[in-house]
Amino acid sequence: MALDNVSSGSGYGKTVCVTGAGGFIASWIVKLLLERGYTVKGTVRNPDDQKNAHLKELEGAKDRLTLWRAHLLDFQGLKDAISGCHGVFHTASPMTNDAEKMVNPAVNGTKNVIIAAAEAKVERVVFTSSIGAVYMDPNRSRDVVVDESCWSDLEFCKNTNNWYCYGKTVAELAAWELAKEKGVDLVTVVPPLVMGPILQPTMNISTGHIFKYLSGSAKSYTNDVHAYVHVRDVAFAHLLVYETPSASGRYICSQSSLHRGELVEILARLFPNYPIPTKCSDEINPRAKHYKYSSQKLKDMGMEFTPVEQSLYDTVISLQHKGILGVVHTKKYASSKL
Ligand SMILES: COc1cc(/C=C/C(=O)SCCNC(=O)CCNC(=O)[C@H](O)C(C)(C)COP(=O)(O)OP(=O)(O)OC[C@H]2O[C@@H](n3cnc4c(N)ncnc43)[C@H](O)[C@@H]2OP(=O)(O)O)ccc1O
Ligand SMILES: NC(=O)C1=CN([C@@H]2O[C@H](COP(=O)(O)OP(=O)(O)OC[C@H]3O[C@@H](n4cnc5c(N)ncnc54)[C@H](OP(=O)(O)O)[C@@H]3O)[C@@H](O)[C@H]2O)C=CC1
């Protein structure tokens with residue numbers, strides 16, 4: 001990959017802020033940043049909550065990680081955390097289809113971060129967007145390549161009650177507009193569904209999406225497609241675009257797309273002893289077609305992606321290690337670095 005290895009310490013002497021530091025993706029960003037020598041100011045809503053305790057166990061955390069209390073709508077809290085930083089990784093966001101809980105914090109929280117970053121004169125802000133800000137357009141054929149020029153259709157998101165996708169789209173659009181106005185150097189990373197080992201103590205929604213097929217709670221699979229990517233690759237992509245001066249614009253960070261039927265087949269091959277569903281919940285309609293996402297921009301920067309089978313394997317092994325999922329598996333893969 002294009003980045004130097006950890007021991008080169010390219011972050012030495014640099015302080016960066018990571019919002020929502022205790023979350024699934026942000027915890028990995030904090031881990032990689034600390035490994036590269038950065039000093040990290042992480043925002044969390046409650047620094048004393050046990051759900052953030054894993055951050056203090058990360059290598060380098062004792063000397064170079066501090067936690068700052070900040071809600072996305074608390075401008076002063078964000079400003080205090082971002083003050084004195086060279087860069088910001090804005091990852092915090094709600095994940096809900098409840099319009100009221102989603103849109104205001106996602107959009108105004110992002111605006112707060114950009115304004116605080118402008119006031120602190122940071123070198124770059126990296127914003128974690130979502131493929132939900134890209135693919136939601138009923139008029140785009142699934143045969144065309146979906147790249148960084150594509151945006152979700154806001155009316156369509158609204159009309160289908162996809163308030164998460166709506167919120168992420170409006171938040172990213174607002175970030176671009178405000179960054180231009182305030183002269184902030186902004187780059188966005190656009191992941192699809194993120195899998196892989198959890199550092200935090202509990203499961204989040206995207207790992208729950210895999211868990212339900214092993215726990216016996218899903219009796220059938222949905223007639224739907226999603227693209228997937230490993231969490232370590234997503235965190236790495238954030239650092240890559242932060243550290244590459246020529247990086248600009250949006251970066252789709254997607255490894256491959258699977259129909260849910262393909263996903264359960266891989267799981268059943270890797271873990272044949274779990275009660276994985278074999279039936280689709282929709283026996284009438286044809287199989288949903290894949291989107292053709294392009295991550296060429298990141299690949300051109302040297303990014304190499306973890307194969308989806310490995311990502312699924314790492315997700316399940318992590319759920320077992322955390323005691324969230326009982327162990328009944330046949331080992332076929334070696335775990336990649338946790
Ligand atoms: C900040 O914290 C986060 C953030 C995230 C971010 C995730 C992403 O950005 S994912 C990429 C883009 N997002 C979307 O496409 C959003 C739309 N949501 C989904 O597709 C899913 O909810 C999911 C995120 C993939 C999770 O899937 P899962 O819980 O496994 O549910 P499904 O199997 O897809 O569906 C089960 C069942 O419900 C029906 N259904 C799903 N969505 C809707 C809907 N909007 N309206 C009506 N019905 C819906 C679906 O058809 C299924 O029914 P069946 O009868 O067919 O089984 C992640 C985590 C964080 O903490
Ligand atoms: N996981 C996935 O599959 C994907 C995620 N994304 C994006 O990546 C980012 C991180 O997602 P992920 O790590 O999965 O999510 P998590 O739910 O694990 O983490 C989200 C973080 O956001 C914080 N947060 C939520 N609401 C607020 C708020 N109102 N004020 C302050 N902090 C808040 C949470 O803090 P607290 O601990 O205090 O609750 C939490 O730490 C999000 O922007 C999401 O949209 C994009 C594509 C796919």
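Here the structure is a predicted model, which means the values were calculated and not measured. Atoms within a ligand are numbered from 1 in the order they appear, just like the ligands themselves.
- Of the protein's non-hydrogen atoms, L72 N, 2.9 Å is the one closest to atom 30 (N) of ligand 2.
- Counting heavy atoms under 4.0 Å from ligand 2, residue K51 touches it through the side chain alone.
- Ion pairing between E59 and K31 fails under the 4.0 Å rule for side-chain N and carboxylate O.
- Residue-ligand proximity: H209 is placed with every non-hydrogen atom at 4.0 Å or more from ligand 2.
- Considering backbone and side-chain N/O of V194, one or more are found under 3.5 Å from N/O of ligand 2.
- The distance from ligand 2 to the heavy atoms of G20 drops below 4.0 Å at these ligand atoms: 41 (O).
- With a 4.0 Å cut-off on non-hydrogen atoms, K168 touches ligand 2 through its side chain and not its backbone.
- Between Y291 and Y135, the ring planes are perpendicular. Angles over 60° get that label, and only those under 30° would be called parallel.
- Salt-bridge formation is detected for the pair K79/E119: a Lys NZ or Arg NE/NH1/NH2 atom is positioned less than 4.0 Å from an Asp or Glu carboxylate oxygen.
- Here D147 does not pair with K297 in a salt bridge; the nearest charged N to carboxylate O distance is not below 4.0 Å.
- A donor-acceptor contact under 3.5 angstrom links the side chains of T19 and H90, judged on distance only.
- Evaluation of the side chain to side chain donor-acceptor pair (under 3.5 Å) test over residues 37-50, restricted to residues two or more places apart or in two chains, returns Y38-E243.
- Because its NZ or CZ atom is both nearer than 6.0 Å to the ring centre of W151 and within 45° of the ring axis, R250 counts as a cation-pi partner of that residue.
- Nearest to atom 45 (O) of ligand 2 among the protein's heavy atoms is Y164 OH, 2.7 Å.
- Within 4.0 Å of ligand 1, the residues that place a heavy atom are S93, P94, M95, S130, I131, G132, Y135, N162, Y164, C165, L193, N204, I205, S206, H209, K212, Y213, T222, H226, R260, S281, listed by chain and number.
- From the protein, the heavy atom lying nearest to atom 19 (O) of ligand 2 is G23 CA, 3.4 Å.
- In this model, no donor atom of one side chain and acceptor atom of the other lie less than 3.5 Å apart for T244 and S246.
- With no hydrogens or angles considered, no side-chain donor-acceptor pair links S27 and Q200 at under 3.5 Å.
- Atom 11 (O) of ligand 2 has I25 CD1, 3.9 Å as its closest protein atom, hydrogens excluded (heavy atom only).
- Residue contact check for ligand 2: S27 places no non-hydrogen atom closer than 4.0 Å to it.
- Of the protein's non-hydrogen atoms, the one nearest atom 18 (O) of ligand 2 is F24 N, 2.8 Å.
- For the residue pair Y228 and H209, a side-chain donor N or O sits within less than 3.5 Å of a side-chain acceptor on the partner.
- Checked by atom type, the side-chain pair Q255/T306 shows no donor-acceptor distance below 3.5 Å.
- The nearest protein atom to atom 22 (O) of ligand 2, hydrogens excluded, is given as S93 N, 3.2 Å; this is a heavy-atom distance.
- Of the heavy atoms in A21, none comes closer than 4.0 Å to ligand 2.
- In this structure, A70 counts as a contact residue of ligand 2, since one of its heavy atoms falls inside 4.0 Å of the ligand.
- Aromatic pair Y313/F271: ring centres closer than 6.0 Å.
- For the 3.5 Å distance criterion, the side chains of H290 and E262 qualify, holding a donor opposite an acceptor.
- With ring centers used as reference points, Y221 lies 6.0 Å or more from Y213.
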Please evaluate residues N104 and E100 with respect to the criterion side chain to side chain donor-acceptor pair (under 3.5 Å), reporting the C-alpha separation (whole Å), side-chain torsions for both, the decisive distance (0.1 Å), and the verdict.
CA-CA 7 Å; N104 184 19; E100 263 179 48; over 6 Å; no

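- The shortest N or O to N or O distance between T91 and ligand 2 is under 3.5 Å.
- Scanning the protein for heavy atoms near atom 1 (N) of ligand 2, the closest one is S206 OG, 3.1 Å.
- Set against the non-hydrogen atoms of A92, the atoms of ligand 2 under 4.0 Å away are 22 (O), 23 (C), 32 (N).
- Nearest protein neighbour of atom 15 (O) of ligand 2, counting heavy atoms only, is N204 ND2, 4.2 Å.
- A salt bridge is defined here as a Lys NZ or Arg NE, NH1 or NH2 lying under 4.0 Å from an Asp or Glu carboxylate O, and K14 with E123 meets this definition.
- Not a single N or O atom of L193, backbone or side chain, sits closer than 3.5 Å to an N or O atom of ligand 2.
- Shown in contact with T128 at under 4.0 Å from a heavy atom are these atoms of ligand 2, numbered in order with element: 7 (C), 8 (O), 9 (C), 43 (O).
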